[in-house]
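These notes concern the structure reproduced below.
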Amino acid sequence: MQIDQPETVLSPDSTIYSEEHLKQLVSEQKSRKKWLLVQPTSNTSMMVDSGTVSMPLNLLMVATLVGELFDVAFIDERLGEEVPEDFSGFDVVAITSRTLNASKAYAIGESARKQGKIVILGGVHPTMLHDEARSHCTSVVYGEIESVWTELATDVILGKMKEVYRACALKPMESMRHPDFSYALRSKSAKKYSSLIPILATKGCPVGCNFCTTPTIYGKNYRYREIDFVLDEMRYHQERLGKQKVSFSFMDDNISFRPKYFMELLEEMEKLEIRWNANISMNFLHKPEVAELAGRSGCDLMSIGFESLNPETLKSVHKGSNKLGNYEAVVRNLHKNGVAIQGYFMFGFDNESDESFQMTYDFIMKNQIEFPVFSLVTPFPGTPYFDEMKTRLRHFDWDKYDTYHYMFEPTKMSGEKLLENFVKLQREVYKGRAIMKRMKGKPVNWVWFVNYMMHRFTKKLKPEIYL
């Protein structure tokens, strides 16, 4: 059961946190405080922030929220925009961070804090390691900002910041505002953003894979927006862009967890004639009617975490939704309905073997997986898997926590052999003749281009770049 956060809370310092009190404080301001929101780039050596990048939906949602009460400037370093050295034009510097760009976020935060600014760190990494993050900022937002916004905004106006803002309960998604994309689109380099429009329908995931950060960030409760709100947002973008066939990318971690909600949403989306893709759990994709409706409603691509072809590996990471017996049925159903597959496969688990790589290659080629993505197992800080593997990790260099660096040696395979097989698999899957075999009969579209780019990229791979 979803419990709404109380409207008014009395803190130990007797500050009243309510919407009414906040509005009163805003009206009494002589001038609006100025916020700088920063999306940092990463220092990883891999192709994480290169080329076309997705619009940072979470930071746009923050900008929309902040912009109602304060002046907002928005910088996305991934576009080539530079964070100023002089922060004198701002009262608050707020930075979002994942693990792989935490060192960059920390450096920006420390620089702004030395200049006397309120520095707020939020996002996955500061939530998972809030004690570490606190030493680089004024305040850490634990989890989503919407659920602590009234308290945080009040304290910013009063200049009385707490070290950590953590909600006692998460707000229902009915209160979620339409994100204002103009904050990103006004950039001179906005053309570097993907044409896919990010959108959000649900938050949270009750599955509980032990390597996943989602339950900590968004909770294990599954929250979702009213379907009409999602459709309204899609229509807004159709009107904004002046065309019907807009392509959307759902940012949800597990959009299909509530099948009834998911199916009703797709039925309504079919009427809009849009295109879309999403990350999706395979726990009910083996049902033909789901794939049929996905294709009919405009789905171009499903991103599916197959993770492994080894049942013991799936069991070890609590990936109960993955049934090996369903893998081929899932692929067959989607392909039958014209839906391409971005398949994720992880390597480096303790029971890894030469056979693991061969089985994965055979599965990909036999089932014509259009866009295979390979990663190395990465225990992210704050997860149960990190706690389990901490004593075996090779380093804590956050720049390399990008799922493309070798983190620990499996018990049944040397690290050298692991990386040798990992490189070989990628080269084989993206060889010219392998691409032609996997893509035979597929429509000529952007997926072909991705395969071409991966062909060029994998030819240059060497085991040492993953160290």
request  = Compare every heavy atom of Thr41 with every heavy atom of Asn101, then report the nearest pair and how far apart it is.
outcome  = CB-O, 3.2 Å
key: Sequence-distant partners of Ser187, side-chain hydrogen bond (donor to acceptor under 3.5 Å, both in side chains), two or more places apart   = Glu81
Sole candidate of Tyr344, Phe374, Phe345 that passes ring pair (Phe, Tyr, Trp, His ring centres under 6.0 Å) when paired with Phe306 = Phe345
request  = Can you run down the ring pair (Phe, Tyr, Trp, His ring centres under 6.0 Å) pairs that involve residues 161-191, sequence neighbours left out, and say none if there aren't any?
outcome  = Phe181-His237
key: For Asn445, all residues meeting side-chain hydrogen bond (donor to acceptor under 3.5 Å, both in side chains), sequence neighbours excluded   = none
remark   = So salt bridge (charged side-chain N to carboxylate O under 4.0 Å, His left out) across residues 232-247, not counting sequence neighbours, yields Arg225-Glu233, Asp232-Arg235
request  = Would you mind checking if Glu28 and Lys23 are paired as a salt bridge, meaning a charged N to carboxylate O distance below 4.0 Å?
outcome  = no
ask   = Who passes ring pair (Phe, Tyr, Trp, His ring centres under 6.0 Å) against Phe250, sequence neighbours left out?
value = Trp276
key: Which residues share a side chain to side chain contact (heavy atoms under 4.5 Å, CB included) with Arg32, sequence neighbours left out   = Asp71
inquiry  = Is it the case that the ring center of Tyr142 lies less than 6.0 angstrom away from the ring center of His130?
reply    = yes
task = Keeping to residues at least two apart or across chains, list the ring pair (Phe, Tyr, Trp, His ring centres under 6.0 Å) pairs with something in residues 69-97.
result = Trp35-Phe70
query = What are the two closest non-hydrogen atoms of Cys212 and Thr383, and how far apart are they?
reply = O-CG2, 3.6 Å
Contacts of Glu289 that satisfy side chain to side chain contact (heavy atoms under 4.5 Å, CB included) - sequence neighbours left out = Met263, Lys287
message = I'd like to check Ile199 versus Val230 (side-chain heavy atoms, cut-off strictly below 4.5 Å). Are they in contact?
response = yes
key: Side-chain donor-acceptor contact under 3.5 Å, Tyr193 with Asp76   = yes
key: Single hit among Glu19, Glu20, His21 for side-chain hydrogen bond (donor to acceptor under 3.5 Å, both in side chains) with Thr150   = Glu19
inquiry  = Are Tyr466 and Tyr404, when compared by the centres of their aromatic rings, separated by less than 6.0 Å?
reply    = no
query = Do you know which of Arg223, Arg166, Lys171 makes salt bridge (charged side-chain N to carboxylate O under 4.0 Å, His left out) with Glu144?
reply = Arg223
inquiry  = Surrounding OH of Tyr452 (heavy atoms of other residues, nucleotides or ligands, distance under 6.0 Å), is the total greater than 12?
reply    = no
message = Show me the pairs that pass salt bridge (charged side-chain N to carboxylate O under 4.0 Å, His left out) and involve residues 268-286, at least two apart or across chains.
response = Glu268-Lys271, Glu270-Arg296, Arg275-Asp300
inquiry  = For the CD atom on Gln244, are there more than 12 heavy atoms of other groups (residues, nucleotides or ligands in this structure) within a distance under 6.0 Å?
reply    = yes
query = Is Arg177 salt-bridged to Glu146, cutoff N-O under 4.0 Å?
reply = no
message = Quick check for you: to the nearest 0.5 Å, what is the distance between Leu196 atom CG and Ser54 atom OG?
response = 9.0 Å
task = Using side-chain hydrogen bond (donor to acceptor under 3.5 Å, both in side chains) as the criterion, list what pairs up with Trp398, not counting sequence neighbours.
result = Glu132
request  = Consider only side-chain N and O atoms of Asp252 and Tyr224, and report whether a donor and an acceptor are under 3.5 Å apart.
outcome  = no
inquiry  = With a 6.0 Å cut-off (strictly less than), is the heavy-atom count around CZ of Arg186, excluding the residue itself, greater than 12?
reply    = yes
ask   = Considering residues at least two apart in sequence or located in another chain, which fulfil the side chain to side chain contact (heavy atoms under 4.5 Å, CB included) criterion with Asp131?
value = Arg134
inquiry  = How about CD on Glu68, more than 12 heavy atoms from neighbouring residues, nucleotides or ligands closer than 6.0 Å, or not?
reply    = yes
query = Who are the side chain to side chain contact (heavy atoms under 4.5 Å, CB included) partners of Asn279, not counting sequence neighbours?
reply = Ser303
key: Plane angle bin for Tyr401 and Phe386 - parallel if under 30°, tilted between 30 and 60°, otherwise perpendicular   = tilted
inquiry  = Is it true that Thr99 and His125 share a donor-acceptor pair across their side chains at a distance under 3.5 Å?
reply    = yes
query = Does the side-chain contact (heavy atoms from CB on, under 4.5 Å) test come out yes or no for Ile197 and Met234, once each step is laid out?
reply = CA-CA 9 Å; Ile197 304 298; Met234 290 179 168; over 6 Å; no
